[in-house]
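Below, read A as the first sequence line, B as the second, and so on, with proteins coming before strands; counting in each chain starts at 1.
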Amino acid sequence: MGKLTPMLDIRLIRQSPDEVNAALARRGGGYSIDSILAMDETRRELMKREEALRSERNTLSKEVGRLKQAGQDTDDLQARTKALADEIKDLELQKKALEDQQDERLKDFPNLPDAKTPDGKDETDNVLVRQWGDEFKNRFTDTPKPHWEIGSDLNLIDFERGVKLAQSRFSIMRGAGARLERALINYMLDTHSQTGYEEIVPPFLVNAEAMTGTGQLPKFESDMFATRDDALYLVPTAEVPLTNIYGAEIIDYEAMPKYFMAYTPCFRREAGAAGRDTRGLIRQHQFNKVELVKLVTPETAEAEHLALTRDAEAILQGLELPYRVMELCTGDLGYNAARCFDLEVWLPSAGLYREISSCSHFGDFQARRASLKYRSPETGKSAYLHTINGSGLAVGRTVAAILENYQTADGTIKIPQVLQPYMGGLTELKETEPHGHGKRAETASTTGV
RNA sequence: GGAGAGGUGGCUGAGUGGUUGAAAGCGGCUCCCUGCUAAGGAGUUAUGCGGGUUCUCCCCGCAUCGAGGGUUCGAAUCCCUCCCUCUCCGCCA
């Protein structure tokens with residue numbers, strides 16, 4: 001009994017409070033589970049009393065049934081049982097209130113950082129793991145323009161009209177720009193399918209349960225777009241539908257691990273980011289992303305996490321984009337994650353590296369919330385699996401990186417070799433005539449699609 | 001959107017107020033038997049939580065028959081709300 005929303009394992013908190021506190025302390029922020037402990041003690045006390053009463057009630061009720069069938073008088077017994085029932089209801093309310101309170105506290109706690117996650121207070125303490133592709137920096141020009149200028153100059157991206165259609169932080173891709181976006185999506189999916197990821201086309205709207213399973217709710221509701229007439233949210237990342245595919249199920253051991261990938265648009269309100277990255281494709285309310293998700297057993301999780309990170313890197317290497325891998329320190333680690341590598345791509349116009357993928361290991365944090373389990377072959381019992389995910393990659397930021405890294409002194413953009421087949425053999429992008437000059441149809445057609 | 005039917009254990013499918021956490025069958029697992037990938041026999045086979053414990057075994061209790069609430073001494077069974085599935089009609093990429 002008892003319906004605590006699983007966040008951190010309450011039993012772990014009970015058994016090893018000092019360890020949990022120590023792990024939380026590594027993140028900073030003054031988390032302490034001490035108050036939870038006392039609350040939990042009381043809660044279990046109430047639970048024990050309630051269950052004892054229920055047990056008694058059940059026994060008496062059965063007795064009533066027996067006597068009635070024997071044709072005996074049961075008024076007395078019934079009155080006693082009725083009194084018990086009232087008492088139970090009372091206790092239940094008390095317990096419920098306490099549970100809600102405990103939930104409220106518990107949901108503030110982030111995941112415990114992995115032992116390997118380096119200590120640190122903020123992003124300046126992140127650790128450089130490796131750097132790749134320095135030879136590709138400043139490849140075609142020494143005077144790089146920012147991608148939004150290139151995108152506008154070449155009629156690839158129309159920022160103003162995107163805003164007109166929606167609001168700020170929306171843009172439209174057009175012509176070869178749109179084609180480039182689609183080429184990247186296909187290149188990424190095709191590449192990852194070779195490493196065994198199952199391609200998924202998930203719903204782009206999901207319910208609150210799914211959002212809670214991966215940890216976006218309840219803490220980050222303000223960053224989500226929600227629908228007005230239905231209790232549905234626009235996906236902020238394909239992580240949400242992909243991770244929840246097996247929610248509330250127990251997966252056969254033989255069927256593990258599961259690798260999923262999906263292209264989806266991602267919708268984020270970017271609450272709290274007002275004024276940051278207002279230009280260009282870096283921080284849009286809607287952007288495309290190919291996401292990689294793995295459901296794995298705990299023993300293999302670390303290796304699977306490293307492998308997934310390499311899978312994401314393979315895209316950057318294929319595109320010959322300079323990047324580096326940063327391991328996030330405890331102070332910069334996301335709420336859900338236990339360990340995380342960020343891939344940062346080189347943006348020459350700014351002269352800095354910019355996050356283009358975040359590859360995280362969540363331990364059993366999400367599995368617990370979404371009830372993702374597998375059947376252990378040794379014990380025959382079910383156990384929480386581990387979840388891992390990473391962008392492979394964020395498409396908009398990849399477009400930005402290509403425009404900037406592949407621009408030449410004369411203003412044209414080379415197309416990375418691996419994308420050329422996806423671009424109909426096109427090898428470069430240059431200024432073209434205005435869009436929309438198609439052939440005029442001879443006869444008007446009213447046929448719908 | 002309209003009309004109707006229905007949501008039970010891994011699956012099929014009984015069960016309309018009282019030892020039903022739930023018949024039966026299938027599937028799965030264990031053991032026995034059998035002169036070879038067959039057949040037969042016995043047993044076993046949900047999840048979560050709490051407690052006990054001779055603590056990777058086991059025992060006890062509570063909860064769970066789509067979800068939530070209600071009636072009742074007692075609910076899978078009755079009532080209400082919501083969600084979902086199926087069939088027919090309408091609409092539609």
Side-chain angles (χ1 to χ4, degrees), chain A residues 1-16 36-37 39-100 102-103 106 201 203-213 227 229-233 244 246-255 297-299 364 367-385 445-449:
Chain A
M1 274 192 50
K3 270 239 183 86
L4 286 177
T5 312
M7 307 268 173
L8 292 182
D9 186 356
I10 187 67
R11 270 180 293 197
L12 179 69
I13 292 177
R14 272 205 301 268
Q15 283 160 15
S16 322
I36 292 279
L37 275 179
M39 219 179 274
D40 187 58
E41 176 89 35
T42 314
R43 184 184 63 88
R44 276 182 300 149
E45 205 49 54
L46 284 176
M47 191 187 301
K48 269 197 280 188
R49 273 164 58 198
E50 186 194 330
E51 286 185 2
L53 290 181
R54 279 184 192 275
S55 180
E56 194 182 344
R57 196 266 323 262
N58 290 348
T59 310
L60 291 183
S61 276
K62 279 178 185 167
E63 186 63 20
V64 170
R66 238 189 313 262
L67 292 178
K68 278 204 163 173
Q69 271 177 343
Q72 301 190 31
D73 175 73
T74 57
D75 288 355
D76 222 44
L77 249 188
Q78 284 190 34
R80 272 170 56 200
T81 318
K82 171 75 175 158
L84 265 180
D86 291 342
E87 208 175 330
I88 289 168
K89 198 158 282 182
D90 196 53
L91 268 176
E92 198 181 342
L93 287 176
Q94 283 183 49
K95 193 194 67 187
K96 181 78 166 57
L98 201 62
E99 271 174 15
D100 290 348
Q102 192 170 333
D103 254 358
L106 216 44
V201 179
F204 297 170
L205 294 175
V206 296
N207 56 34
E209 199 178 352
M211 292 285 265
T212 305
T227 57
D229 294 332
D230 303 275
L232 295 172
Y233 297 84
N244 281 288
Y246 283 96
E249 293 189 37
I250 300 170
I251 304 175
D252 287 339
Y253 182 76
E254 296 71 33
T297 55
E299 323 82 73
D364 66 6
R368 198 173 286 287
R369 300 167 65 111
S371 190
L372 295 163
K373 299 182 170 184
Y374 72 102
R375 180 84 55 193
S376 160
E378 300 94 47
T379 64
K381 291 204 188 314
S382 62
Y384 289 113
L385 48 78
S445 168
T446 54
T447 313
V449 181

Report the distance from atom [atom1] of [X] to atom [atom2] of [N], rounded to the nearest whole Å.
X: A:Lys96; N: B:rA63; atom1: NZ; atom2: P; value: 18 Å
X: A:Lys373; N: B:rG48; atom1: NZ; atom2: C1'; value: 7 Å
X: A:Arg368; N: B:rC49; atom1: CZ; atom2: C1'; value: 13 Å
X: A:Arg57; N: B:rG61; atom1: CZ; atom2: C1'; value: 13 Å
X: A:Lys68; N: B:rG17; atom1: NZ; atom2: P; value: 14 Å
X: A:Met47; N: B:rC60; atom1: CE; atom2: P; value: 20 Å
X: A:Leu53; N: B:rA63; atom1: CG; atom2: C1'; value: 15 Å
X: A:Leu46; N: B:rG50; atom1: CG; atom2: C1'; value: 13 Å

| Proximal nucleotide (of B:rC73, B:rG61, B:rU71) relative to the A:Lys89 side chain | B:rU71
| Checking all strands, does A:Lys82 fall into the base, sugar-phosphate, or nothing category for heavy-atom contacts under 4.0 angstrom? | sugar-phosphate
Using atom names, set out every protein N or O paired with an N or O of nucleotides 51-53 of chain B below 3.5 Å, distance rounded to 0.1 Å.
residue, atom, partner, partner atom, Å
B:rG51, OP1, A:Arg44, NH1, 2.7

| field | Base-pairing mate for B:rC36 - Watson-Crick or G-U, with both contacts under 3.5 Å | value | none
